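What follows is one structure encoded as structure tokens, with my remarks underneath.
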Number of protein chains: 2
Amino acid sequence: MIKLIIIDDHPLVADGIATMLKDESYLQIVASAKTGRQGLAILSEYPDCEVILLDINLPDTDGLQLCEQIRQLYPNLKIIGLTSVNEAGIISQMIRRGANGYLLKDMEKEELLHAINRVLDGHVYLSKGANEKILQQLRELDINPHQVPMLTRREKEILSLLDQGLSSQEIASRLSLSIHTIDTHRKNMLQKLNVHNTPALLKAAGKLGLLG
Amino acid sequence: MIKLIIIDDHPLVADGIATMLKDESYLQIVASAKTGRQGLAILSEYPDCEVILLDINLPDTDGLQLCEQIRQLYPNLKIIGLTSVNEAGIISQMIRRGANGYLLKDMEKEELLHAINRVLDGHVYLSKGANEKILQQLRELDINPHQVPMLTRREKEILSLLDQGLSSQEIASRLSLSIHTIDTHRKNMLQKLNVHNTPALLKAAGKLGLLG
DNA sequence: GCCGTTATACCGGATTTCAGGTATTTAACA
DNA sequence: TGTTAAATACCTGAAATCCGGTATAACGGC
């Protein structure tokens, strides 16, 4: 008997998944939570749980952070992320943060069962079509799929401030740095993401999941 | 007996709503569709349908456009939008395009029933908390809630090109206009939305639903 | 026919960004 | 301990944006 936990704030989704799985006698949903906090509490109650279905768009916590947190606390737990959007950025971020799989909420019963079995066997399961979607988005940005550009900590920090509408000068003041430094970082990011102005930089970064 | 139609690509959601309504004898779900195309077909089959629950994040069509289209075809039909995100832009756009109501997918049964009754009575029903969320977002942008700035057709066109990462010069070439004209439009938009650079303009416009 | 709005175009000047560099210090790491 | 990556800072010059104007033709509504 394999124990499952669902963390999703939408009762519709939680109920729907329960319905999908009720005929599978080898699977058992032991508990479900509506918030990140609640989810962590439940996890500690069921240490023998093997699979968790984790909604990424949670109300209280950032689902991606929560994913990372759970991975650290329970290294052997299989985490399957649930989202309603199919975007390269979110998918790659989730895998990077320790998820074993990724499902869109419009999945069919068969796909859900298949995903659970795959991750239990140690594979990474990506939602039907997710692979193609990722590659297509990377192509649109003219980026080599084999080396998605990584931004450094400082670059991300500056990117986020740019995203808040600040100018180089304002960021420099905020971080007590020279404006030259900010400009250099911005320039490097433009080059990494292959764009030529700040709006395009922010948009591309968003798509790749380098923001937020 | 009031007839309902559901357009939502997530079987979970469609099933969940059906479950919520199954005890209400005065409501009847006559059909459901998974795509925009399919939805229009079904609507033409049931001209006496009174309420439609419409997912905004559809796979094939833009849900907002579809909403507008349905409103034109069936002026008396009550349209309730369904989304999983609670953002001022999307909400205001939906209402602008003819929706009678707006529900988050994490609603409870009571809220769903209440919303249906309200729109049948001719009211506009906004999801619990949607109002506060809208006002808060407008406050963040320092915009008077009583006069959300409208952009002209031309301004929107230029905004969309800016969003694609084009410079003023590139837009001018694309539209066969003087760069001065583009700059003037951009300047006017900056003023209308109360921001001081293009990234912030794009972000604010996105939040207000003036983009896309 | 008048009036407001939209779209168009231009000016000047200050500021910022963009695109090439170079260079030093710090941190990580094998 | 050497090597690499990251973070810092500066230079120059071209290009673009931002901000204050003004102005005119076109269009629509009342």
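Worth saying up front: this structure is predicted, and the values here are computed from it rather than measured. Throughout, a chain's letter reflects where its sequence line sits, starting with A, and its residues are numbered from 1.
Boundaries of the chain B contact region on DNA chain D are D:dT17 to D:dG21, first to last in 5' to 3' order (nucleotide atom under 4.0 Å from a heavy atom).
One can place CG of A:Asn194 at 11 Å from P of C:dA19, the figure rounded to the nearest angstrom. Straight-line distance from the CG atom of B:Asn197 to the P atom of C:dC18: 10 Å, rounded to whole Å. Going from atom CZ of A:Arg154 over to atom P of C:dA28 covers 14 Å, rounded to whole Å. Separating the CD atom of A:Gln169 from the P atom of C:dT17 is a distance of 9 Å, rounded to the nearest angstrom.
At a threshold of 4.5 Å between non-hydrogen side-chain atoms, the residues A:Ile7 and A:Leu53 do not count as touching. Taking 4.5 Å as the limit, some side-chain heavy atom of B:Leu202 sits within range of a side-chain heavy atom of B:Leu159. B:Ile79 has its side chain within reach of B:Cys67: a pair of non-hydrogen atoms, C-beta onward, lies under 4.5 Å apart.
Using a 4.0 Å cut-off on heavy atoms, the residues of residues 180-191 of chain B that approach DNA chain C are B:His180, B:Thr181, B:Thr184, B:His185, listed by number.
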_Using salt bridge (Lys or Arg N to Asp or Glu O under 4.0 Å), reason through B:Glu157 and B:Arg154 one step at a time and then give a plain yes or no._
CA-CA 5 Å; B:Glu157 187 180 15; B:Arg154 203 50 151 177; 2.7 Å; yes

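Residues B:Asn76 and B:Arg71 bring no donor and acceptor atom of their side chains to less than 3.5 Å of each other.
Checking C:dC18, C:dA9, C:dT16 against the side-chain heavy atoms of B:Leu177 singles out C:dA9 as nearest.
From B:His180, atom NE2 reaches atom NZ of B:Lys187 across 11.0 Å, with rounding to the nearest 0.5 Å.
Residue A:Gln191 places its CD atom among 12 or fewer non-hydrogen atoms of other residues, nucleotides or ligands, all under 6.0 Å distant.
Salt-bridge check for A:Glu155 with A:Lys192: passed, with a basic side-chain N closer than 4.0 Å to an acidic carboxylate O.
For A:Leu166 and B:Ile158, each mapped to the nucleotide of DNA chain C holding its nearest heavy atom, the one lying further toward the 5' end belongs to B:Ile158.
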